[in-house]
Amino acid sequence: AVSLTNDRSDAPVVNVNLPAGSSAKVEVPVGNVTAGTVAVLVNEDGTEEVIKTSVPTESGLVLTVEDGATIKIVDNSKTFEDVPEAYWGADEIDFATSRELFTGTSETAFSPEDDMTRAMVVTVLARYEGVDTSTGDTWYDAGTQWAVENGVSDGSNLDQSITREQLVTMLYRYAGEPAVSGGMSGFSDSAAVSDYAADAMAWAVENGIITGMGDGTLNPQGTATRAQVAAILARFVENMA
């Protein structure tokens, strides 16, 4: 198994050899893997980028790579003073921030209980897709443009807090609106889900992306906190891997 370090310059390097021109899902065995363990792609020009779709397992890291790829395995965990180890969403926040989908609200804070805005969510999904979100007149321009062009969001009400059903609807559209076979009858407030979000919520429940609030409710119109979005996003990435 690969040993883990947070020093990229000293991180173990893995060269992927597959049939020429092909790609495949592989598992790299890693010792003491954590939610913050990521694969980093080393490009031919020496630049590096975190592979946002790399997912930890009990014994390593699963990712889809192309033949000839050079990757490093790195502990890219971030530390936030307002996210203690015992916090319910600590691992999910570690997952999302180590993959550079989220950043903290400062160098030392994550603000897990703050609401997420629609602008924040389209930006996070655009980053996951590999879009350079640093362009544009505002910090959310690039993410919004990508989301509208790809049918993920209509680009409206970007400064509003996102609800849980709005969030899963964006994820469902991003996933290609797959067929839904399950239902939401296990939750006491399933009838409160808006019609537009019904398939998306059923899909999210079916795939374990939404697990409810712990009291048997979905709370579809409740606003989604930064910690909740990190948790839902982590499950989404794991489901898509």
Side-chain angles (χ1 to χ4, degrees), residues 23 38 41 47 49-55 63-64 92-93 95-105 110-112 114-180 184 192-210 218-241:
S23 64
V38 301
L41 181 67
T47 58
E49 57 186 296
V50 171
I51 300 176
K52 295 174 173 59
T53 52
S54 50
V55 172
L63 65 154
T64 299
E92 290 85 353
I93 290 168
F95 181 98
T97 55
S98 63
R99 281 155 186 77
E100 298 173 357
L101 298 169
F102 272 48
T103 54
T105 51
F110 184 78
S111 307
D114 284 6
D115 289 349
M116 281 285 278
T117 65
R118 292 164 60 83
M120 289 178 189
V121 173
V122 295
T123 301
V124 165
L125 287 177
R127 285 183 194 140
Y128 175 66
E129 180 64 15
V131 174
D132 178 2
T133 58
S134 65
T135 61
D137 294 332
T138 67
W139 62 267
Y140 53 81
D141 276 359
T144 303
Q145 182 179 344
W146 167 84
V148 171
E149 287 176 355
N150 289 277
V152 172
S153 168
D154 62 6
S156 64
N157 303 317
L158 290 171
D159 58 345
Q160 286 188 357
S161 297
I162 195 164
T163 67
R164 290 163 57 79
E165 66 180 9
Q166 288 170 349
L167 172 61
V168 297
T169 299
M170 284 189 189
L171 294 176
Y172 181 61
R173 289 172 182 161
Y174 177 64
E177 302 188 8
V180 177
M184 301 173 285
V193 176
S194 300
D195 289 346
Y196 79 85
D199 282 352
M201 189 66 80
W203 163 82
V205 168
E206 183 183 336
N207 289 282
I209 294 165
I210 285 276
L218 290 165
N219 192 23
Q221 280 94 39
T223 53
T225 65
R226 287 170 55 81
Q228 288 175 352
V229 175
I232 291 167
L233 196 69
R235 296 184 203 120
F236 175 75
V237 173
E238 289 165 356
N239 185 265
M240 294 284 283

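Values in this document were obtained by computation on a predicted structure and should not be read as measured data.
- Sequence neighbours left out, the pairs with a member in residues 115-172 that pass ring-ring contact (aromatic ring centres under 6.0 Å, His included) are Y128-Y174, W146-Y174, Y172-W203.
- Inter-residue side-chain proximity for L125 and V131 is flagged as unmet; no heavy-atom pair is nearer than 4.5 Å.
- Using modelled atom types, one side-chain atom of R235 and one backbone atom of I209 make a donor-acceptor pair closer than 3.5 Å.
- Interatomic distance, CZ of F236 versus CG of L171, reported as 5.0 Å (0.5 Å rounding).
- Rounding to the nearest 0.5 Å gives a distance of 12.0 Å between OG1 of T123 and CZ of R118.
- Taking OG1 from T117 and CD1 from I162, the interatomic distance works out to 8.0 Å, rounded to the nearest 0.5 Å.
- The heavy-atom pair separating R226 from F102 by the smallest distance is O-CE2, 3.6 Å.
- Looking at L101 and K52, their side chains come closer than 4.5 Å, going by heavy atoms from C-beta outward.
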**OP:** Show your working on side chain to side chain contact (heavy atoms under 4.5 Å, CB included) between E100 and R127 and close with a plain yes or no.
**Re:** CA-CA 8 Å; E100 298 173 357; R127 285 183 194 140; over 6 Å; no
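- Atoms OG1 and CD, from T97 and E92 in turn, are 11.0 Å apart once rounded to the nearest 0.5 Å.
- Using a 4.5 Å cut-off on side-chain heavy atoms (C-beta onward), E206 and V180 make contact.
- Of all heavy-atom pairs between T133 and A126, the closest is CG2-CB, 3.9 Å.
- Between the side chain of R99 and the backbone N or O of V38, no donor-acceptor pair lies under 3.5 Å.
- Within the 4.5 Å cutoff, the side chain of T64 has no heavy atoms near those of the I51 side chain.
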Original post:
Given the rule in the side chain to side chain contact (heavy atoms under 4.5 Å, CB included) test, do Y196 and E165 qualify, once you have shown the distances and angles that lead to the verdict?
Top reply: CA-CA 9 Å; Y196 79 85; E165 66 180 9; 3.5 Å; yes
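- Residues T135 and A142 come closest through the heavy atom pair OG1-CB, 3.6 Å.
- A distance of 6.5 Å separates CG in N150 from CD in E129, rounded to the nearest 0.5 Å.
- The nearest pair of heavy atoms linking P220 to T163 is O-CB, 3.6 Å.
- Closest approach of A96 to A230, counting heavy atoms only: CB-CB, 4.2 Å.
- With no hydrogens or angles considered, a side-chain donor-acceptor pair links T105 and S111 at under 3.5 Å.
- Between the side chains of D141 and T138, a donor-acceptor pair is found at a separation under 3.5 Å.
- Rounding to the nearest 0.5 Å gives a distance of 7.0 Å between CG of N157 and CG of D159.
- At least one side-chain heavy atom of V122 sits under 4.5 Å from a side-chain heavy atom of M170.
- A 4.5 Å side-chain heavy-atom check between M201 and S194 finds every atom pair outside the cut-off.
- Contact record, A200 with T169: CB-CA, 3.6 Å, taken as the closest heavy-atom pair.
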**OP:** Please lay out, stage by stage, how R173 and D154 fare under the test salt bridge (charged side-chain N to carboxylate O under 4.0 Å, His left out).
**Re:** CA-CA 11 Å; R173 289 172 182 161; D154 62 6; over 6 Å; no
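- Taking the side chain as every heavy atom from C-beta outward, L167 and I232 approach each other to under 4.5 Å.
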Original post:
Would M116 and Q228 count as a side chain to side chain contact (heavy atoms under 4.5 Å, CB included) if you check the C-alpha gap in whole Å, the side-chain angles of each, and the deciding distance to 0.1 Å?
Top reply: CA-CA 9 Å; M116 281 285 278; Q228 288 175 352; over 6 Å; no
